[in-house]
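Report on one structure; see the data block that follows.
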Amino acid sequence: MANMQDFLVTRSTKASQIAIVMWVLIIVALISMPLAVNRGDMRFIIEIAYYLTLAQMWNLLAGYAGLVSVGQQAFVGLGGYLMISGAVYFGIHPLVAIPIAGILIGVISIPTAYVVFRLRGAYFAIGTWVVAEVFRLSFAQIQSLGGGSGMSLPASIVKGMADGRQAREMLIYYTAIFILLGSMTLVYTLLRSKYGLALTAIRDSEPASDSLGINIFKTKMIIYVVAAVVTGIVGGLIFLQKLRISPDAAFSLPDWTVAVIFIVVIGGIGTIEGPIIGTIIYFMLRELLADYGAIYMIVLGIFAVVTMLWAPKGVWGVISKRFNLQLFPVHRRLISDTEAKK
Amino acid sequence: MEWIHLLIQGVLLGGLYTLFATGLSLMFGIMRLVNIAHGDFIILAAYVGLVVIDVLGIDPFLALLVVVPLMGGGGYILQRVLLNRTLGSDILPPLLVTFGLSIIIQNVLLEVFSGDSQRVNLDNGLDIASIQISEYISIGVLPLIILILSILVIVVLQFVFYKTELGRAFRATSDDQDIARLMGISNKHIFGLAMAVAMAVVAVAGVLLSMRTNFDPSVGPSRLLYGFEAVIIGGLGSLWGTLAGGLILGVAQAVGAHIDPGWQILMGHIVFLVILVIRPRGLFPRSID
């Protein structure tokens, strides 16, 4: 009989140790990328970076906290509008306006949470959607922000960001990479912290975790606010790159939430690796089917439905089960002492 | 006088919203399914109606006799083949599968019918006819017919629910699936039938919508939101509550539109959120969930 002391709790696996080397290589590649590729490719990488960040945040909400939101476009739009208003009306440098927008969104998301948390499960989903619509329709009424037709970031502000176009694009590129890596690190540390454990416990059984002293409301609230802040920051970045904002573009359900949900579901919900795989598949399909318009969305839709029905853990779920792989060591595993000593 | 006019317009608008909400309310009430594609099914029904009217050359109201069984039958098959697989303790599969369906329906409609705005015209001028009550108040004949039909749908459903064997099976399954099965009820079949009934209501809603307003493949999601708001305002599990919710939402939107056209939808959403904060379980709740 093994005693309690004979077991070790571990999170790292052989694969995850090898993966560290891979992550370092990818990060180095991302940082040196601007030396090698042209402007179009850089824009493409920026887009991948912000979609992956949005996907990680939605996955944190839906996959870990059980908060299936269909209204994250609310925070993307708010981030964009707050960044532009900060730059235009308060003369703040856009890159400084982005984190300020993030903080303000964190503040706004708290009363929002108190409203939408009154709805549970699927009703929560539609409630978040209504809130996003309220933001979209309200911003369309604000004439100083261009009303329904929106506004552009004035050329003087854009030019004042950095010396020349190339420097500006580099600045946006590195901001995007910084936000991506920062958010991935945030998710990773969050899941390894006691909140990660609490989230797993809540996911497995709300009453049981409640009885063990986990504050369910507080835990979900923290995740909701964190996701809102990061999503808002990404929104600021998106519209800094686009240089133009309108209520329909800023609070677009198809662009900022539908695409992200497809990415996470197809890739594998409830894992850090899933959104990465999903983003790769999403952009590959998009490049392949870009000329077909509606057909592309139909294919994605069918892909998502089939995944949900026959492989609910997504593509990564299938891979990780088949090869017993884990690239981000966040799961705690129990191994016996003798096994560990080998 | 102006306020009475607004109230009447709102109530008439609310008739259509009640129909949007009823199907949603049925699906949630019986199988705890929140159908994200609900609005898109309404628009799908509108297009099916459009084709039926065009091909058969019949009166739009007669088209209901074709569209209702068609959508109802489709609903049964959809539930048995696809949606029954998603039901369980996890809320994610039904949510995401219907979400996927929503995107698929929108884009299939876009491929087949293009994004052009459509509308069913009534030959007999019914769509513009109105009853003049006083100098300020007139009631559109078509909106009045829609309101009466929506109340009729609620009355029929109430009868089915509380006076027939099928309704008893619906209520039993809704109360406790496992016990219902022990009593010899086939859940899968009952869910199929419930979806068929819900889709029949969706068909009525879609065909009536096509007579009253313009529509295109992208307008489904907002119909889902109106229906959802009406259900929550009224309270889950109560059909009369759903009617009240639909009417309240209609009046809220009419008042909003009166302030500023841009405020119509916004006012509906705000009234919904305010009621959600004050009465989280709606105004006339029946079931606890």
Side-chain angles (χ1 to χ4, degrees), chain A residues 62-63 66 68 70 111-112 114-127 129-138 140-141 147-148 203 205 247 253-254 257-259 261-262 264-266 269-270 292-310 312, chain B residues 24 28 32-38 82-83 85-86 90-112 114-115 217-218 221-222 224-225 227-229 231-232 236 256 260 262-270 272-274 276-277 279-281 289:
Chain A
V68 186
V70 191
T112 308
Y114 274 100
V115 177
V116 290
F117 277 23
R118 286 179 176 266
L119 296 163
R120 295 178 56 79
Y123 278 80
F124 170 84
I126 308 182
W129 190 351
V130 172
V131 169
E133 283 295 287
V134 168
F135 281 124
R136 180 176 70 84
L137 295 164
S138 304
Q141 294 295 314
R203 187 193 59 196
S205 168
L253 174 75
T257 300
V258 174
I261 293 179
F262 282 162
V264 177
V265 170
I266 293 171
I269 193 164
Y292 299 95
I295 303 270
Y296 166 58
M297 291 309 286
I298 297 171
V299 170
L300 266 187
I302 293 172
F303 217 140
V305 169
V306 168
T307 310
M308 209 62 233
L309 286 177
W310 284 284
Chain B
L24 209 56
F28 184 80
R32 298 284 180 269
L33 173 74
V34 177
N35 182 4
I36 302 275
H38 186 69
L82 200 64
L83 297 178
R85 292 169 193 272
T86 67
D90 190 359
I91 63 146
L92 217 52
L95 197 66
L96 294 178
V97 166
T98 56
F99 187 71
L101 282 179
S102 154
I103 304 299
I104 295 170
I105 294 170
Q106 280 173 43
N107 285 283
V108 167
L109 289 176
L110 188 64
E111 268 305 294
V112 178
S114 84
S218 69
S222 45
L224 163 73
L225 293 189
F228 168 75
E229 289 173 341
V231 172
I232 300 284
L236 292 174
D260 181 294
W263 273 83
Q264 179 181 350
I265 314 297
L266 193 54
M267 190 58 101
H269 290 332
I270 290 171
F272 158 73
L273 291 175
V274 168
L276 184 63
V277 170
R279 298 273 309 241
R281 294 183 56 219
D289 202 299

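Order of the sequence lines fixes the chain letters, A, B, ..., with proteins taken first and strands second; residue numbering starts at 1 for each chain. Everything quoted here is computed from the prediction, not taken from an experiment.
When heavy atoms are compared at a cutoff of 4.5 Å, B/P217 does not approach chain A at all. At a 4.5 Å heavy-atom cutoff, the contact between B/L95 and chain A is made by side-chain atoms alone. Contacts of A/A125 with chain B are made by side-chain atoms alone, with heavy-atom separations under 4.5 Å and no backbone atom involved. Only the side chain of B/I232 comes within contact range of chain A, with at least one heavy atom under 4.5 Å from a heavy atom of that chain. Looking at A/T307, there are no atoms closer than 4.5 Å to chain B (heavy atoms on both sides), in backbone or side chain. Proximity to chain A is limited to the side chain of B/L110, based on heavy atoms less than 4.5 angstrom apart. Of the atoms belonging to B/E229, it is side-chain heavy atoms, and not backbone ones, that fall under 4.5 Å from chain A.
The residue from B/V108, B/L109, B/N107, B/I103 that alone fulfils the side chain to side chain contact (heavy atoms under 4.5 Å, CB included) condition with B/I105 is B/L109.
Residues B/M267 and B/G256 come closest through the heavy atom pair CB-CA, 3.7 Å. Shortest non-hydrogen contact noted between B/E111 and A/A294 is OE2-CB, 3.4 Å. The shortest heavy-atom contact between A/V134 and B/H269 is CG2-CB, 3.5 Å. A pairwise comparison of heavy atoms in A/W129 and A/L253 identifies CZ2-CD2, 3.3 Å as the closest pair. When all heavy atoms of A/R118 and B/L276 are compared, the closest pair comes out as CD-O, 3.4 Å.
Among B/D260, B/L82, B/V97, the residue making the largest number of heavy-atom pairs under 4.5 Å with chain A is B/V97. Ranked by heavy-atom pairs under 4.5 Å with chain B, the list A/V299, A/I261, A/V265, A/L300 is led by A/I261. For the options B/L92, B/T86, B/I265, heavy-atom pairs under 4.5 Å to chain A are most numerous at B/L92. Per-residue heavy-atom pair counts under 4.5 Å with chain B were compared for A/L119, A/I269, A/V130, A/V131, and the maximum is reached by A/V130. With chain B as the partner, the residue from A/V305, A/I126, A/L137, A/V68 showing the most heavy-atom pairs under 4.5 Å is A/I126. Taking B/S102, B/S222, B/P94, B/G262 one by one and counting their heavy-atom pairs under 4.5 Å with chain A, the maximum is reached by B/G262.
Using a distance-only test at 3.5 Å, with no hydrogens or angles considered, no donor-acceptor pair links the side chain of B/T98 to the main chain of B/N35.
For the pair B/R32 and B/F28, the cation sits on the ring face: its NZ or CZ lies under 6.0 Å from the ring centre, inside 45° of the axis.
For the atom pair CZ (A/R120) and OH (A/Y123), the distance works out to 13.5 Å, reported to the nearest 0.5 Å.
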